[in-house]
Each structure stands twice: as structure tokens, then as C-alpha cells.
Amino acid sequence: MLKGNISGKTALVTGSTSGIGLATARALAQDGANIVINGFGDKNAIEAERAGLEKDFGIKAIYSAADMSKPAEIAEMVATAEKTFGSLDVLVNNAGIQFVANIEDFPPEKWDAIIAINLSSAFHSIRAAMPGMKKRKWGRIINIASAHGLVASPQKVAYVAAKHGLVGLSKVVAIEAANDGVTCNAICPGWVLTPLVQKQIDDMATRDNISSDAARSKLLGEKQPSEQFVTPEQIGKLAVFLCSEGADEMRGAALQIDGGWTSQ
């Protein structure tokens, strides 16, 4: 198998036991990176995915159960990656949660949880990984933001705030590391058919008393001119590109992959 720019390097992808994170981990593994996956889920299913990465791509993969709301566990995960593989070269901050309500009905504990997982965890992981990357004069940090990091939608106050913050965080990190061989960029997907989005479709179908297919079409039609979901695999391939030589001078970019959503 032809390996790419990150062959033999190590990539950590948070929230990677399913969905966008898993697809990104697989894309990076296909390019030759050893992988640290992270997230919650069924223990046997996670082990199957970890073993599958090794079998399918001939790399080494480990699993970290670090809780992304706990800074100490994040720091330990980064340290484990460096100890196991000798370096941590690619960091993909993907972990995310969602809750939907008008601001006056938005529970403060939900706000705190979303900011912790969707934004603060990226700060903590970058803070832990940056010294090693700067020392080695090479690193790629990729933050999975959202179209909601560029524009807003109602009832998503915490998510939109966190994703806007993630885009801003990416810019600051990119500037600070501009002379250290480390790049930092954000990927901003539109609608991706993840469990989070499927729940929104199901809730819309129930609320509006329409079929699931009708709710899906309505969801896409309201935002995404292509009326097609972005796939996790497309996001993974974009992450691989950001690790390539072609992206060496991409620093602090917020890359739209949203079917035209934010071009309107």
C-alpha cells in the first residue's frame, strides 16, 4: 500500500470510536500513521475498530478512554501517545456533543458540558501536544469545527459559541506556531449524517409529524444547497490533505466542506 506524508508518524483523533472521528482515523492510518483512538462506546466494538485499523492498514493503534471533559486525563492521553510511539505528530480535535433549546430554556449544565467537550478539550490537548511538536519542528493540528463555526442557527447557542471559539483558537495557535514547523487549521463541515444529526432528524419528524425521509429532506434543504450530506470519509481525506506538503503554508484556515451552506 502506498503511504503518504505521515507514514510512520503518530496521529491522535479524539472522539474517534465512530462517525467523523473514526473515518478520519482510518484515513490517517491509510496514509501510514500510527493511531490513537479515543471515545466512549461498547468495549468490544471499540476493540474491533482498533484491531481493524492495524489489520487493514498495517499500522499500530492504541485506544485511550480519556474523558475529554477532564484536563488531567487529556494530558495523560497525550503523554501516553508520546511514550508509546515516541512522538505525537498529528492531533485531530473532533470530540463533540450537542443540545438544542432556546437560550432561555438552555440548562446551564448543558452549556458547561458543550463548551468543555467541544472547545476546552481542544485547548487542553493542544497545550499538551505543542511542546513536543515544537521540539521536533513538525506537527499538524486539525480542529473539527463546523459550518456553525462560521454562521449561526437558532437553538444551538452553546454549540455555535464553541465552534466559533474553535475557529478562533485555530487562528491563534497557527500564528504562535508559524515558525516552528507546526500548522493548525479548522475543518468546517455542514450536515453530516452522524448519530447527532440523525437525532435531530428524528426529533423534527416527531415534532412536525412527518416521515423520517421528509425530515431529512427538510433539514438539508434549509441549509445545504447541494441537498447532499457531507460524508465522514470526505472529511477524513481533507484531514489527510492538511498533513501533506501541499498544505504546509495553510495556517489558521477555516475550510468549508458544507455543500454550499456558508456560501449563501
Side-chain angles (χ1 to χ4, degrees), residues 1-39 49-50 52-64 78 81 85-96 122 125-126 129-130 132-133 136-147 149 166-167 170 173-174 177 180-190 192-194 228-259:
M1 181 179 294
L2 181 65
K3 300 297 185 181
N5 195 49
I6 54 174
S7 180
K9 296 186 184 295
T10 302
L12 163 61
V13 186
T14 69
S16 53
T17 52
S18 65
I20 293 170
L22 180 58
T24 300
R26 290 185 62 81
L28 294 167
Q30 186 173 18
D31 207 54
N34 296 314
I35 300 293
V36 182
I37 59 171
N38 155 263
E49 295 293 356
R50 187 207 63 78
L53 287 165
E54 294 190 333
K55 179 181 178 182
D56 293 346
F57 304 114
I59 53 88
K60 296 295 183 182
I62 63 172
Y63 166 66
S64 168
V78 170
F85 296 109
S87 66
L88 175 55
D89 309 289
V90 178
L91 171 64
V92 182
N93 289 304
N94 170 73
S125 61
I126 293 169
M130 185 62 79
M133 290 181 175
R136 290 183 293 274
K137 292 292 183 180
W138 200 95
R140 297 292 178 264
I141 299 169
I142 302 166
N143 295 320
I144 306 300
S146 169
L166 201 54
V167 170
S170 301
V173 173
D180 294 296
V182 181
T183 68
C184 182
N185 296 284
I187 294 176
C188 299
V192 182
L193 193 56
T194 62
Q228 299 293 322
F229 283 110
V230 179
T231 69
E233 290 74 22
Q234 289 165 343
I235 296 167
K237 289 178 180 179
L238 182 52
V240 170
F241 170 73
L242 288 173
C243 297
S244 72
E245 292 181 0
D248 279 354
E249 286 305 318
M250 295 185 70
R251 301 175 186 272
L255 299 169
Q256 303 153 241
I257 178 169
D258 61 9

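Not measured: the values here are computed from a predicted model.
Residues satisfying the side chain to side chain donor-acceptor pair (under 3.5 Å) criterion with Asp258, sequence neighbours excluded, are Thr262. Partners of Val240 according to the side-chain contact (heavy atoms from CB on, under 4.5 Å) rule, which considers only residues two or more places apart in sequence or in another chain, are Ala27, Leu28, Asp31. For Lys55, there are no salt bridge (charged side-chain N to carboxylate O under 4.0 Å, His left out) partners two or more places apart in sequence or in a different chain. Evaluation of the side chain to side chain donor-acceptor pair (under 3.5 Å) rule for Thr10 yields no partner, not counting sequence neighbours. Residues passing the side chain to side chain donor-acceptor pair (under 3.5 Å) test with Ser87 are Asp89, sequence neighbours excluded. Judged as a side-chain contact (heavy atoms from CB on, under 4.5 Å), and not counting sequence neighbours, the contacts of Ile37 are Ser16, Ala25, Ile35, Ile46, Arg50, Leu53, Tyr63. Taking the side chain to side chain donor-acceptor pair (under 3.5 Å) definition, one finds that Thr14 meets it with nothing, sequence neighbours left out.
Each of Ile235, Thr231, Leu238 was checked for a side chain to side chain contact (heavy atoms under 4.5 Å, CB included) with Pro189, and the lone residue meeting it is Ile235. Put simply, the residue from Thr183, Asn185, Val92 that forms a side chain to side chain contact (heavy atoms under 4.5 Å, CB included) with Leu242 is Asn185.
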Can you give the donor-acceptor pairs under 3.5 Å from side chains of residues 247-254 to other protein atoms, not counting sequence neighbours?
from	atom 1	to	atom 2	distance (Å)
Asp248	OD1	Arg140	NH2	2.8
Glu249	OE1	Arg251	NE	3.2
Glu249	OE2	Arg251	NH2	3.2
Arg251	NH1	Val182	O	3.2
Arg251	NH2	Asp248	O	3.3

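With hydrogens and angles ignored, the 3.5 Å screen pairs a side-chain donor or acceptor of Glu54 with a backbone N or O of Ala61. Looking at Asn38, its side chain does come within 3.5 Å of a backbone N or O of Gly15 through a donor-acceptor pair.
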side-chain contact (heavy atoms from CB on, under 4.5 Å) between Asn143 and Leu91, worked out: CA-CA 8 Å; Asn143 295 320; Leu91 171 64; over 6 Å; no
Steps toward side-chain contact (heavy atoms from CB on, under 4.5 Å) verdict (Met130, Val173): CA-CA 9 Å; Met130 185 62 79; Val173 173; 3.5 Å; yes
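To the nearest 0.5 Å, atom OG of residue Ser125 and atom CD1 of residue Ile141 are 8.0 Å apart. The distance from the OG atom of Ser7 to the CG atom of Asn34 is 8.5 Å, given to the nearest 0.5 Å. Atom CE of Met133 and atom CH2 of Trp138 lie 8.0 Å apart (nearest 0.5 Å). One distance of note links CG of Asn93 with CD1 of Ile144; it measures 8.5 Å at 0.5 Å rounding. The line from CG of Leu255 to SG of Cys188 is 7.0 Å long, rounded to the nearest 0.5 Å.
Using a 4.5 Å heavy-atom threshold, the side chains of Val36 and Val13 count as separate. The shortest side-chain heavy-atom distance between Cys243 and Ile142 falls under the 4.5 Å cut-off.
Screening residues 17-27 for side-chain hydrogen bond (donor to acceptor under 3.5 Å, both in side chains) gives Arg26-Asp56 as the qualifying pairs, with residues at least two apart or on separate chains. Residue pairs that meet the salt bridge (charged side-chain N to carboxylate O under 4.0 Å, His left out) test with at least one member in residues 8-23, sequence neighbours left out, do not exist here. Annotation: salt bridge (charged side-chain N to carboxylate O under 4.0 Å, His left out) contacts involving residues 230-247, sequence neighbours excluded, are absent.
The two residues Cys184 and Ala174 make their nearest non-hydrogen contact at O-CB, 3.6 Å.
Residues Asn5 and Ser244 have side chains that never bring a donor and an acceptor to within less than 3.5 angstrom of each other.
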